[in-house]
Number of protein chains: 2
Amino acid sequence: MTPELRHLRYFVAVAEHLSFTVAARELHIAQQSLSQQIAALEHALGARLFDRDTRGTRLTEIGRVFLPEARAVLDRADTALQAARRAVRGETGRLRLAFLASTANYMMPPVVRAFRKRYPDVELTAEAVGIADLVAGLREDRYDAAFTRPPLVDDLETEALVSEPVCAVLPTGHPLAGRAGLRLADLAAEPWVLTSRESWPPWHRKYDDDFRAAGFEPRVAQRADGVPSLLGLVAAGVGVTRLARSAHSLRRTGVVFVPLAGDRAETVVAWPATRDRQVVRNLRAVAAELASSIDLTEAG
Amino acid sequence: MTPELRHLRYFVAVAEHLSFTVAARELHIAQQSLSQQIAALEHALGARLFDRDTRGTRLTEIGRVFLPEARAVLDRADTALQAARRAVRGETGRLRLAFLASTANYMMPPVVRAFRKRYPDVELTAEAVGIADLVAGLREDRYDAAFTRPPLVDDLETEALVSEPVCAVLPTGHPLAGRAGLRLADLAAEPWVLTSRESWPPWHRKYDDDFRAAGFEPRVAQRADGVPSLLGLVAAGVGVTRLARSAHSLRRTGVVFVPLAGDRAETVVAWPATRDRQVVRNLRAVAAELASSIDLTEAG
DNA sequence: GGGGGTCACAGGCTCTGACTGTAACCGCCG
DNA sequence: CGGCGGTTACAGTCAGAGCCTGTGACCCCC
């Protein structure tokens, strides 16, 4: 018989109480069973661990040698089980996050701060990336989750976190800049600056649908990728564009944000559909709680 | 079910081979049993440790977290069992030795050296003491074993190691100093120096028997405890005495050792009869081997 | 389509780890 | 000195665990 953890537990209990009867009660087994288990352990070790008689129970010299050893084994086993269980609960391990550049300004700080506070032992990395890198990274297991805007692709799961108004972005002094609100159709005659079609086709398919529904096809004066570039072009008077309201924190001068009626933009958390990881579920919970308690889009 | 070491052993085996079939063969159990045991462990942990299909077996993330932990637990358990087994074999622990002062000069160096070489991890202490301290120390669990001369007392076990001639110790120039050998009766007319009767009554009972058998009662000129004192008094011409031959190494001048016919002194190892300890048995074996391979009494 | 290999399910068997009952021993008290 | 209380160990029993064998499900290859 090779000693098992159970034997060590029984041994330590007897050693601590110096009584089979009391130890058995603590262990919730019959005293006779405990006596047998200790006898088996002694047989396996080839030595008595206790001297016992009707007056009491005492550790032998070998028993005194073995007691700290047994405790150390039990402690180590406990540590191992805890490590596994913490990993199961997503409390340890790593989490590699990507933030779409246009969401990073308002999402990264509060999400990273809140997650680190809640799960201090998870190794978290976060980076702002373009949409193509973001999607490729999720698919190629370089990122575990990402904060981004839909639509994405079918093999990524998403969960909406935040919804915010979409605004027409006009150069300062534009005739429509003073309006409290606009409709997309109001901008039919304007020159437009938009991202390149190749930057993320699913978005452009949606843009096409939106413009069609508004009854016009935008005259694209110039294309540029990245929100800061678009804002710069608008400020320069090259054209108008359409962005989520939170983008207003990326440029302070030369542009005016006017809400577009009925148009809202979502920020979502995305993750690969094929990998179900607790640490990602934990992230989603933290992000959802965050989103429900403060207006993340105002925090940028 | 709380995981046992068996489960960890099974898990590590599968993780190392990435095959239930191969691991089962190594563990000498059926593959189906191994599959069940791993399933039980996964249930206990609440997570899959392996992804497996007909193409092969791979560790999951949780499995990767748990593998080094499981190995550490098994290693710690191994260390604990080894520690216990080494203690059982008397390879660790402590050994407190006493040497009767008159045997220390020739017994202590070789015995201590040999024992430490054979059992480097036993904490050995050794001290030269008088007979009363030696016996009291054995009885009061201050010494584990001792090297001494008989007779002792009934509650101490002894084992003879060495036998050597007993010699008449005469002052240089004594008329009998040139003899090759003497009988005790030859010294009937001499003044004697002996140890005090209280120093160790069992010895003096033996001395009384010896003198009676030789047909005289010694005229004790002076009593002193300790072999060096007796040698000094003999050298001073106060009287003669009788000592084991090995005592000759304790004083170089002023005394002559002449063998006494038919008289021999034993050196024994002694230990308490009530405590049977492997480390003491090991000591006895080392001492007996030493005694059989060299003349310890000449080594002084 | 058949063969080979892997892991999991199903059913069965042996033995273990628990149970209860009680024996053996010791100390204490009347 | 006998009875009582308390402790540990022995004895007999039983449910379930850990192993077994047989085989299913699935995949890959020829």
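Because the structure is a prediction, the values reported are computed rather than measured. Note on naming: letters A, B, ... go to the chains in the order of the sequence lines (proteins, then strands), and numbering restarts at 1 for each one.
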Are OP1 or OP2 of dC7(C) and a side-chain N or O of Ser35(B) less than 4.0 angstrom apart?
-> no
Would you mind reading off the distance between His43(A) atom NE2 and dC10(D) atom P, rounded to a whole angstrom?
-> 13 Å
Have a look at Asp121(B) and tell me which of Arg89(B), Arg94(B), Arg116(B), Arg86(B) forms a salt bridge (Lys or Arg N to Asp or Glu O under 4.0 Å) with it.
-> Arg86(B)
Under 30°, 30 to 60°, or over 60°: which ring-plane class applies to Phe115(A) and Tyr119(A), parallel, tilted or perpendicular?
-> tilted
Are the aromatic rings of His204(B) and Tyr207(B) close, with centres under 6.0 Å apart?
-> yes
Here the distance between atom P of dA18(C) and atom NE2 of His28(A), to the nearest Å, is 13 Å
Touch check for Tyr10(A), heavy atoms < 4.0 angstrom, all strands: base, sugar-phosphate only, or nothing?
-> sugar-phosphate
Measuring from Ile38(A):CD1 to His43(A):NE2, what's the distance to the nearest 0.5 Å?
-> 15.0 Å
When the nearest nucleotide of DNA chain D is assigned to Leu34(B) and to Arg25(A) on a heavy-atom basis, which residue is associated with the more 5' position?
-> Arg25(A)
Between Thr57(A) and dT8(D), does any side-chain N or O lie under 4.0 Å from OP1 or OP2?
-> yes
Between dA18(C) atom C1' and His7(A) atom NE2, what is the distance in whole Å?
-> 12 Å
Could you tell me whether the phosphate oxygens of dG17(C), OP1 or OP2, come under 4.0 Å of any side-chain nitrogen or oxygen in Ser33(A)?
-> no
To the nearest Å, how far apart are Gln32(B) CD and dG22(D) C1'?
-> 8 Å
With sugar-phosphate meaning primed atoms plus P, OP1 and OP2, does Gln37(B) contact a base, only sugar-phosphate, or nothing at under 4.0 Å between heavy atoms?
-> sugar-phosphate
Tell me what Thr21(B) touches on the nucleic acid: a base, only sugar-phosphate, or nothing, going by heavy atoms under 4.0 Å.
-> sugar-phosphate
Assign the ring pair Phe50(B) / Phe20(B) to parallel, tilted or perpendicular, where the plane angle (0 to 90°) is split at 30° and 60°.
-> perpendicular
When rounded to whole Å, the CD to C1' distance for the pair Gln36(B) and dA17(D) reads 9 Å
Leu27(B) CG to dC7(C) P, in whole Å, measures 13 Å
Nearest whole angstrom, please: distance from the C1' of dA15(D) to the CD1 of Ile29(A).
-> 16 Å
Protein-nucleotide distance (Arg52(B), atom CZ; dA25(D), atom C1'), rounded to Å | 15 Å
